[in-house]
S.K.: 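Handing you a structure now.
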Amino acid sequence: MNIFFMARNKTGSGSLIIAIALLIASCGDKQAAQQKTPPPTPVAVYTVHEGNASYYDEYPATVTPLNQVDIRPQVAGYITGIFFKDGQHIVKGQKLYEIDQQQYQAAYQQSIANLNVAKANEAKAQQDADRYTDLAQKDAIAKQTLDHALADLQSAKMQVEAAKSNVNNVQTNLKYSVIYAPFTGTIGISQVKPGASVSPGQTLLNTISTDDPMAVDIAVDQSQIARFSQLVQKKANGKDSTFTLVLPGQYTYPYPGYLSFLDRSVDPQTGTLKARLIFPNTKQILRAGITCNVRVQNNAGEKSLLIPYKAVVEQLGEYFVFVVNDNKALQRKISVGTKISDKIVVKSGLQAGENVVTEGVQKLRDSSAVQVGPPKAQTGK
């Protein structure tokens, strides 16, 4: 419209010439731009195919004894003996502490003497009751006398029972003045020294815990409960490596463990369930309270897709790859699983037989033209 208008305007011939020149120049720029289109980006690709993926899921864990108890006195007194070394391995029934027994021994002897007196009174009352019974049968005494004799006998018997109860009570205190190991395990550092005064149920003397085997606790997400329930049914054997332990310093514990049980309920705040594993500890390497990691082998026998990890591009927490199709690199979102060495499991987004870019990824954008070299097939896990 402008060119035509200017062509009919006799006074604007100069403007017509300029417009035509600009139009010709614009066409020339477009042709030059088309001639300067960058060549296809050379890339290397990897052919995706299915394979068996065996890998380990890792869970933070804590070593804990199967049985642990705080040792506290049940009677008051002064510590008169300690019969172990701190950190020693002890056996069930081993003597550990002794509390001053003098007062309890004296009280026991006194209770025995009281019991003997009560028995003597009972014997006398029994004789009187027998004698008065015979006389009453002959109408030789008043019935009231017999009734009193029988009442005295009943009272004497009750005094004997009370004396026996007192003996048992004092004997129990005497027994509690010596403390024995409740089970076999390892004892800690003594919290009291000889001569220290202790109170029943309050003073902590020591802590003892079992040491072989040891428990290892992990928190399992509720989505994994079905899988771990199946693992509970799996019997432990010396060659099973489903569960391995990695101690601080990246030391791999040489003995495999097994899943003992799952806790009764899920923690509503974390959505996790406690799982307890059992590991042998014959060399006393595992100690209560160690924080470590448990590796759980994940190999269900299903086919999985593995691609080189360098083919994956992460953007804002999402993962993408470039799939080559008709010499174009098409960006595609994928869902990934566990990283295994230099490869990663692809859960969704790819199919076997497709080619993903492994080299030259950083130069690509969606739908970039590419020049593909020979595809790289999988050579190992």
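Below, each value reflects all heavy atoms present in this structure, side chains not excepted, and no hydrogens, waters or symmetry copies.
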S.K.: Are Ile208 and Met214 connected in a single hydrophobic cluster, I mean Ile/Leu/Val/Met/Phe/Trp/Tyr linked by side-chain heavy atoms less than 4.5 Å apart?
M.R.: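 Looking at the clustering, Ile208 is in a separate group from Met214.
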
S.K.: Salt-bridge test for Asp134 and Lys138: reply yes if a basic N is under 4.0 Å from a carboxylate O, no otherwise.
M.R.: no

S.K.: For residues 69-78, please give each side-chain donor-acceptor pair under 3.5 Å, one per line with the distance, not counting sequence neighbours.
M.R.:
residue, atom, partner, partner atom, Å
Asp70, OD1, Thr207, OG1, 3.0
Arg72, NH1, Gln202, O, 2.9

S.K.: Say whether, by atom type as modelled, one donor and one acceptor occur between the side chain of Ser209 and the main chain of Pro65 under 3.5 angstrom.
M.R.: no

S.K.: Tell me if the aromatic rings of Phe228 and Tyr59 count as close, with their centers under 6.0 Å from one another.
M.R.: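 Distance test on ring centres: under 6.0 Å, yes.
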
S.K.: Given ring-ring contact (aromatic ring centres under 6.0 Å, His included), test Tyr253 with Tyr251 step by step and report yes or no.
M.R.: CA-CA 6 Å; Tyr253 191 63; Tyr251 172 75; 7.2 Å; no

S.K.: List the atom pairs, with distances to 0.1 Å, where a side-chain N or O of residues 319-331 and a protein N or O form a donor-acceptor pair under 3.5 Å, not counting sequence neighbours.
M.R.:
none

S.K.: Go through the side-chain N and O atoms of Thr64 and Thr62 and say whether any donor and acceptor fall under 3.5 Å apart.
M.R.: no

S.K.: Does any N or O in the side chain of Gln284 come within less than 3.5 Å of the main-chain N or O of Asn281, such that one atom is a donor and the other an acceptor?
M.R.: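 Indeed, once roles are kept as given, a pair shorter than 3.5 Å links the two residues.
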
S.K.: Answer yes or no: is there a donor N or O on one side and an acceptor on the other, between the side chain of Gln126 and the main chain of Ala123, under 3.5 Å?
M.R.: no

S.K.: Just say parallel, tilted or perpendicular for the rings of Tyr46 and His49, cut-offs at 30° and 60°.
M.R.: parallel

S.K.: Is the positively charged end of Lys95 above the ring of Phe83, judged by distance under 6.0 angstrom from the centroid and angle within 45° of the axis?
M.R.: yes

S.K.: Pairs of donor and acceptor atoms involving the side chains of residues 183-196, under 3.5 Å and at least two apart or interchain, shall be tabulated with distances.
M.R.:
residue, atom, partner, partner atom, Å
Thr184, OG1, Lys92, N, 3.1
Thr186, OG1, Asp211, OD2, 2.4
Ser190, OG, Tyr97, OH, 2.8
Ser190, OG, Val192, N, 3.4
Ser190, OG, Val192, O, 2.7
Gln191, NE2, Ile189, O, 2.9

